[in-house]
2 protein chains.
Amino acid sequence: MTVAFDVLAEPSRRHILDLLLAAERPVADLVAATAMSQPAVSKHLRVLREAGLVSVRTDAQRRIYRVRVEPLRTIDEWLRPYRQLWSSRLDALEHRLDTMDSSEPGGDAPAASTRAAE
Amino acid sequence: MTVAFDVLAEPSRRHILDLLLAAERPVADLVAATAMSQPAVSKHLRVLREAGLVSVRTDAQRRIYRVRVEPLRTIDEWLRPYRQLWSSRLDALEHRLDTMDSSEPGGDAPAASTRAAE
DNA sequence: GACGCATATGCCTTGACGGTTATATGCCTG
DNA sequence: CAGGCATATAACCGTCAAGGCATATGCGTC
């Protein structure tokens, strides 16, 4: 799980995965779709492969990549105890009562790109 | 979501979250539990805070931290389309048919660090 | 078997991140 | 108001990973 999280922390990687979710694709396809250099894509694919998040099929010179979801289950598992919170527990309320100091001044934006640190 | 994934890629941070999942805690508690230096913990808490993953309540000199699950929902959302795959679709089978070249020679290990590339 | 395409890999640079130590801030107590 | 906690921040360093370019490898074609 550690692995999966780490691998998916990379936006490019999630992007690739999302592309592959629609359909399996050869590398060239991904290169075109992501506007990254071919080596960069290949590197990401390697990482994804090593994390078990994609599988490869060799078709002549092409390598067709496909999503593998197994590792994602681990993330899902990790998420489970927390999932209970946003269904049963009164999280959204509670935090609104205490925080108030540095987050959401008025709206209810889920804190997307708040980081201003570095 | 980008943020949440990135933040949770850090094992220490997941650890902290897991600790806070059991109960809200002051920083000193986390320092003790994680065996990290106090500044290190504070930094992680800052990151978690900015990602909206924890909230703080000030109790005298203590700062009590608590889990906030809202950002996790976004991860859950992202996960959703994939989740269908491991329930309905025949992912585990499919990959086993094509891959075969570099993964799981015999068992059914979830492909954590199987590659022998380097 | 030489050429060309598709992909992988090596090497290198750069930037971001985690951890450490030292210090600032805030609050409570005497 | 001086001293001491609890926590945050600053400055700094080492590491590591992502991306670029150049090149190797594999395979099909002629």
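Here is how names work: the chains are called A, B, and so on, in the same order as the sequence lines, proteins then strands, and each is numbered from 1. Any value given below was found using the heavy atoms of this structure, including those in side chains, with hydrogens, waters and symmetry copies removed. The shown structure was predicted, so the numbers you read here are calculated from the model rather than taken from an experiment.
A heavy-atom distance below 4.0 Å to DNA chain D is reached by none of the residues of residues 25-33 of chain A.
The shortest side-chain heavy-atom distance between A:Arg49 and A:Val56 falls under the 4.5 Å cut-off. Between A:Thr34 and A:His15 the shortest side-chain heavy-atom distance falls below 4.5 Å. Side-chain atoms of A:Leu85 and B:Leu72, non-hydrogen and from C-beta on, never get closer than 4.5 Å to each other.
The main-chain N or O of B:Val7 is found under 3.5 Å from a side-chain atom of B:Arg13 such that the two form a donor-acceptor pair.
Hydrophobic cluster membership differs between A:Ile64 and A:Ile16, with clusters built from Ile, Leu, Val, Met, Phe, Trp and Tyr side chains linked at under 4.5 angstrom.
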Protein and nucleotides 24-30 of chain C: nitrogen or oxygen contacts under 3.5 angstrom:
unit_1	atom_1	unit_2	atom_2	d
C:dC28	O4'	B:Gln61	NE2	3.0

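Residues A:Ser12 and B:Val41 both approach DNA chain D. Their nearest nucleotides, taken by heavy-atom distance, put B:Val41 toward the 5′ side.
Here B:Gln61 pairs with nothing under the side chain to side chain contact (heavy atoms under 4.5 Å, CB included) rule; sequence neighbours left out. For A:Ala40, the side chain to side chain contact (heavy atoms under 4.5 Å, CB included) partners are A:Met36, A:Ser37, not counting sequence neighbours. Annotation: side chain to side chain contact (heavy atoms under 4.5 Å, CB included) contacts of B:Asp29 (sequence neighbours excluded): B:Arg25, B:Pro26.
Spacing between atom CD of B:Gln38 and atom P of C:dG19 amounts to 13 Å, rounded to whole angstrom units. Taking atom CE of A:Met36 as the reference point, atom C1' of C:dA6 lies 17 Å away to the nearest angstrom. C:dG18 atom C1' lies 8 Å from atom CZ of B:Arg13, rounded to whole Å.
A salt bridge does not link B:Arg14 to B:Glu10: none of the charged nitrogens lies less than 4.0 Å from a carboxylate oxygen. A salt bridge links B:Arg80 and B:Glu77; the closest N-O separation between the charged side-chain nitrogens and carboxylate oxygens is under 4.0 Å.
Residue A:Ser42 is in base contact, counting any heavy-atom pair closer than 4.0 Å across all strands shown.
The residue from B:Val67, B:Leu8, B:Val3 that alone fulfils the side chain to side chain contact (heavy atoms under 4.5 Å, CB included) condition with B:Leu53 is B:Leu8.
At C:dT20, one or more side-chain N or O atoms of B:Ser37 fall inside 4.0 Å of OP1 or OP2 (strictly under the cut-off).
Taking a heavy-atom distance under 4.0 Å as the criterion, the stretch of DNA chain D touched by chain B extends 5' to 3' from D:dA6 to D:dA11.
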